[in-house]
Amino acid sequence: MKIILLGAPGAGKGTQAEIICERLSIPAISTGTIIREALKSGTEMGRKAKSYMDAGQLVPDETVIGIIQERLKEEDCKNGFVLDGFPRTIVQAEALDKMGFPIDKVLDIEVADEYIIIRTSGRRVCDSCGAIYHVKYKLSKVEGVCDKCGGTLIQRKDDQPETVKERLKVYHEQTEPLKEYYQQQGKLFIVEGEDGIEATTRKILSIIEAQP
Ligand code: AMP
């Protein structure tokens, strides 16, 4: 199954993508993670993307479209995939439609902006493996230390409150129109995402597992 997770930054797409990919044995593909990895390994693409990310802006369409085009050709995508953070503009959605991987379902996780600001400001990520924690909702066993790999937990620059406000503005202007785009294709499912991880997961799995 080929799935897109839509939703504002901090709506829980990353966590839900991981759960779905375990359940269906398909890869979760996050453009944000791919870009952060490129940045860490010092590639030219990573360096170019940094200024956009730090400012809460979107990286140019052609860059992310190129990333996804390459990634979806890989063997592990044969039985499907979950896209987390792509597409984020109409141009990206149209490019995806032309790539020849027809999407089955688009799930939009809806969370109010006020709640997003609380969630993202408490989010911590492992600077080594990228695992996600929260100072209130998802604690690590030892404060500041990743449960999975022992790495250090940090706050991403783009999770700082001023940047989050900018990212939300960008989301409403450029990404929210995708709801209408996929509604017209008959693929959109709205998932209310404020009731915590488990309740949101239950709703998402029931949509994914429903026929067709
Ligand atoms: P994320 O981890 O998905 O919130 O992505 C972090 C940052 O990476 C975003 O704020 C953008 O700067 C960039 N990014 C990730 N995915 C995309 C995309 N599909 N289009 C443009 N920029 C993106």
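Start at 1 and go down the list; that is how both ligands and their atoms are numbered.
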Is S41 reaching over with its side chain to a backbone N or O of T43, donor-acceptor style, under 3.5 angstrom?
-> no
Please list every donor-acceptor pair under 3.5 Å in which a side-chain atom of residues 55-65 meets a protein atom from a residue at least two apart or in another chain.
unit_1, atom_1, unit_2, atom_2, d
Q57, NE2, E166, OE2, 2.8
D61, OD1, T89, OG1, 3.0
D61, OD1, Q92, NE2, 2.9

Which of L6, I3, I29 passes side chain to side chain contact (heavy atoms under 4.5 Å, CB included) with L83? It is I29
So the ring pair (Phe, Tyr, Trp, His ring centres under 6.0 Å) pairs with at least one residue in residues 97-144 (sequence neighbours excluded) are H134-Y137
Here the ring pair (Phe, Tyr, Trp, His ring centres under 6.0 Å) pairs for residues 155-202, sequence neighbours left out, are none
Discussion item. Within the structure provided, determine whether K203 and Q16 are in side-chain contact (heavy-atom separation under 4.5 Å).
Written reply: no
Residues with a heavy atom under 4.0 Å from ligand 1, by chain and number, are T31, G32, I35, R36, M53, Q57, L58, V59, V64, G85, F86, R88, Q92, R156, D158, R167
